[in-house]
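Heads up, the thing below is written out as structure tokens.
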Amino acid sequence: MNFKNMSIKKSLIVGFGTTILISVIIIVASLLLMNSQKSSYTEIIDKYVGATERIADCRITYNIAARNLRDVVLSGDMTALTTVNTRLEELDTLFANLKSIFPLEDTSTLDAFDNAIKSWKADAQHIAEVVRTSQTEAAALIVSDCTPKLNAAAEAGQKAAEALATAQAAIIKQQNLTSNIALAIIIGVMVVATVIVLLMALRIIKSLVEPSTQVRNALVGFSQGNLNVPVEFNGRNELGEMCDALRTSQSVLHSVIQDISDTTTQMAKGNFDVELTATFPGDLAPIQQSVNQFVVRMSDTIINISQSASQVSAGSEQVSNSSQSLAQGATEQASAVEELAATINDISNSSKQTAASAEQAQASVAEAGEQVNASNEYVKQLNVAMQNISTSSEEIGKIIATIENIAFQTNILALNAAVEAARAGSAGKGFAVVADEVRNLASKSDEAAKATKDLIENSITAVHEGADVVGKVTESLERTTVLAGGVTALMDQVTEAVESQTTAIAQITEGIDQISAVVQTNSATSEECAAASEELSSQASIMHQLMAEFQVGNKGGLSGSAPAASRYSGGDGWSEAPSSDPLMLGGRNDNPFGGPKY
């Protein structure tokens, strides 16, 4: 099968459809095999295993019946014969079920087992009849007849079970053989199907990978700018058509790029009298139009730049002269501002010193006020002390008056004592002497009291005079305190005014410094402007030389003396009206090279 000329959709449908079909066939065969195995094993379980279980049940049942019969014979309990009869009936039912499910065609073993059971059953029934009349005879019959037939029945049942087991093993062996053959067939089919699928997958992968690889390499070459990567795949499917389209794209792009390269090479050499002549298909056509219009626009622009360079040169000379004058004036202005700033700085320093002196004076006045207040307090305390002294003097005067009264009374007593002594005569001479002495002491006390009184009165007078003086001093100090407070308030006002003046002068100084900085900046800027103007003039000369190296055509309809109007009005911002300003290139309202607007 040739996938090279088959469509991708059809190739994938064939590949995946074949894989799915083979998988479905294998799954169906596996399911059929599993179903056959399940049926065979179900038949074995239902028939052979069931028949074997019935044989075992029959053997268990007649053994139980035989044991019950022996118990009846040994015990003589006739009521237990009912149990024996029940077991015999159950044995008939089980054997009938065994015959209905016995799977072997050869029923000789089953018939032998049936005959042995019937023979034993007949003897068992006979013994059950005999035991009613004689237990001894019944026991003898069990030993002589029943037990050998019971053993014969067991042997026949064993042979029937062995026959079933042999037949079951043969069937399982045959079933395993059949399963192995079917499994081998399925594995063979899977191997063959896998090989077919792999071969088909390889063919499909090859039919897809080969052209995809070539296309990928070509596209990688496109991304790296290489258009010469070969694409050799040919086919009648989608990949073949894609390879054909890619080869065509390589050819067209190579032609277009070669034409653009030749044109830009000429432009790099300064020749703008060129245009693109190759065929630019589809979406590439606007590139051809844009490049050709760019060449025309560049020709017009170069002519405009050449004409503008002359005017820029003349304008730069005028700007240079103006900048020189501006720089000289700015230098003189900066010098004057520096002198003014120095003067303001001196004033500021003086005002700062004045403010410091005012602050010191304010501190001194405040300190003097505090001292006056302290003196006023001391004088008040002195006035209180003088008042206390005056009070004490008055109290002392009272005491002196008391002493005078005592001296007067003492003198009277002395006189009375002298009178009494005179009356006594010689017996009262000693008492008279004592009276004289007492009178003398009273006289001296009176004199001393009078002298002390005079001194105290003089002290009281002096104290009153001192109190008057202290009052006057206190009044004077209070007035001084009031005056000192006013002086302090005035000094505070003076200090605030000096500080305000200092702050204002500092602000003026700062403003002058800013003006000086601005003036210096203007001076430097004007000097730089002058230098830039000179550089602009030299660059304009260089621009003339550079413009002379370009070769331009007259496709834009420009004359050699006037700027031309734009020939393109495609909505990109160009104006059709001619410009009156030589710096308005081609009539545009902004710089076409991304510079500042004029």
Side-chain angles (χ1 to χ4, degrees), residues 37-176:
Q37 293 288 328
K38 179 180 178 182
S39 300
S40 299
Y41 285 112
T42 301
E43 182 179 1
I44 292 172
I45 292 171
D46 292 342
K47 293 182 178 181
Y48 290 89
V49 176
T52 303
E53 290 179 352
R54 294 296 178 273
I55 292 173
D57 292 339
C58 290
R59 294 177 66 182
I60 292 171
T61 301
Y62 66 67
N63 281 325
I64 293 173
R67 185 173 63 250
N68 292 333
L69 181 61
R70 186 177 63 250
D71 293 339
V72 170
V73 172
L74 294 176
S75 64
D77 185 8
M78 298 303 160
T79 59
L81 289 175
T82 305
T83 305
V84 175
N85 294 327
T86 301
R87 292 297 178 183
L88 293 176
E89 293 176 358
E90 183 178 352
L91 179 62
D92 292 336
T93 302
L94 290 174
F95 200 84
N97 190 5
L98 174 62
K99 285 184 177 181
S100 65
I101 64 173
F102 194 74
L104 299 180
E105 295 181 358
D106 184 8
T107 59
S108 58
T109 56
L110 181 62
D111 294 338
F113 185 46
D114 186 16
N115 293 329
I117 289 175
K118 289 180 178 179
S119 177
W120 171 81
K121 183 178 177 183
D123 289 342
Q125 292 175 348
H126 176 68
I127 292 171
E129 293 295 334
V130 173
V131 75
R132 296 179 185 274
T133 59
S134 176
Q135 293 181 350
T136 303
E137 185 180 358
L141 290 174
I142 288 175
V143 173
S144 62
D145 296 335
C146 187
T147 299
K149 291 182 179 180
L150 185 64
N151 293 333
E155 184 178 357
Q158 182 65 30
K159 290 181 180 180
E162 290 176 355
L164 287 174
T166 302
Q168 179 179 347
I171 293 173
I172 292 174
K173 182 177 180 180
Q174 182 63 33
Q175 188 65 33
N176 290 333

Response to the item:
The single option from Ile64, Leu69, Ile60 that satisfies side-chain contact (heavy atoms from CB on, under 4.5 Å) with Arg87 is Ile64

Practice prompt. Rounded to the nearest 0.5 Å, what's the gap from CH2 on Trp120 to CD1 on Ile127? Could you check?
Written response: 9.0 Å

Worksheet entry | Worked check of side-chain contact (heavy atoms from CB on, under 4.5 Å) between Leu104 and Phe102 | CA-CA 6 Å; Leu104 299 180; Phe102 194 74; 3.4 Å; yes

Worksheet item: Atom CG of Leu91 and atom NZ of Lys118: how far apart are they, to the nearest 0.5 Å?
Response: 11.0 Å

Practice prompt. May I have the step-by-step check of side-chain contact (heavy atoms from CB on, under 4.5 Å) for Gln168 and Val49, ending in yes or no?
Written response: CA-CA 8 Å; Gln168 179 179 347; Val49 176; 3.9 Å; yes

Response to the item:
In short, Ala156 meets Ala116 closest at the heavy-atom pair CB-CB, 4.3 Å

Item to complete: Please list all pairs passing the side-chain hydrogen bond (donor to acceptor under 3.5 Å, both in side chains) test where one or both residues lie in residues 50-69, with sequence neighbours left out.
Response: Arg59-Gln158

Worksheet item: Which pair of heavy atoms, one from Ala160 and one from Ile55, lies closest together, and at what distance?
Response: CB-CD1, 3.7 Å

Fill in: Atom pair OG (Ser144) and CD (Glu137), whose distance is rounded to the nearest 0.5 Å
9.5 Å

Fill in: Heavy-atom pair of closest approach, residues Ala51 and Leu164
CB-CD1, 3.6 Å

Item to complete: Measure the shortest side-chain to side-chain distance between Arg132 and Leu81 over non-hydrogen atoms and say whether it is less than 4.5 angstrom.
Response: yes

Discussion item. Going by ring pair (Phe, Tyr, Trp, His ring centres under 6.0 Å), name the pairs with one or both residues in residues 128-173, residues two or more places apart or in two chains.
Written reply: none

Practice prompt. Test Leu98 against Phe95 for side-chain contact (heavy atoms from CB on, under 4.5 Å), laying out the working first.
Written response: CA-CA 5 Å; Leu98 174 62; Phe95 200 84; 4.2 Å; yes

Discussion item. Tell me the closest heavy-atom pair linking Phe113 and Gly157, and the distance in Å.
Written reply: CD1-N, 3.1 Å

Discussion item. Any donor-acceptor pair under 3.5 Å linking the side-chain atoms of Ser119 with those of Lys149?
Written reply: yes

Response to the item:
Nearest heavy-atom contact between Gln125 and Leu88 is CG-CD1, 4.2 Å

Worksheet item: Is Thr93 reaching over with its side chain to a backbone N or O of Glu89, donor-acceptor style, under 3.5 angstrom?
Response: yes

Discussion item. Go through it in stages, so that I can follow the logic: the residues are Lys121 and Asp92, the test is side-chain contact (heavy atoms from CB on, under 4.5 Å), and I'd like the CA-CA distance, side-chain angles, deciding distance and then a yes or no.
Written reply: CA-CA 10 Å; Lys121 183 178 177 183; Asp92 292 336; 2.4 Å; yes

Worksheet item: For the residue pair Leu150 and Ala66, what are the closest heavy atoms and their distance?
Response: CD2-CB, 3.7 Å

Fill in: Inter- and intrachain pairs under ring pair (Phe, Tyr, Trp, His ring centres under 6.0 Å), touching residues 69-90, at least two apart
none

Worksheet item: Rounded to the nearest 0.5 Å, how far apart are NZ of Lys99 and CG of Asp114?
Response: 4.0 Å

Fill in: Donor-acceptor contact present, side-chain Thr109 to main-chain Lys159, <3.5 Å
no

Worksheet item: Would you say the side chains of Asn97 and Ser100 form a donor-acceptor pair under 3.5 Å?
Response: yes

Item to complete: May I ask you to test the Cys146-Leu141 pair for a side-chain heavy-atom distance under 4.5 Å?
Response: no

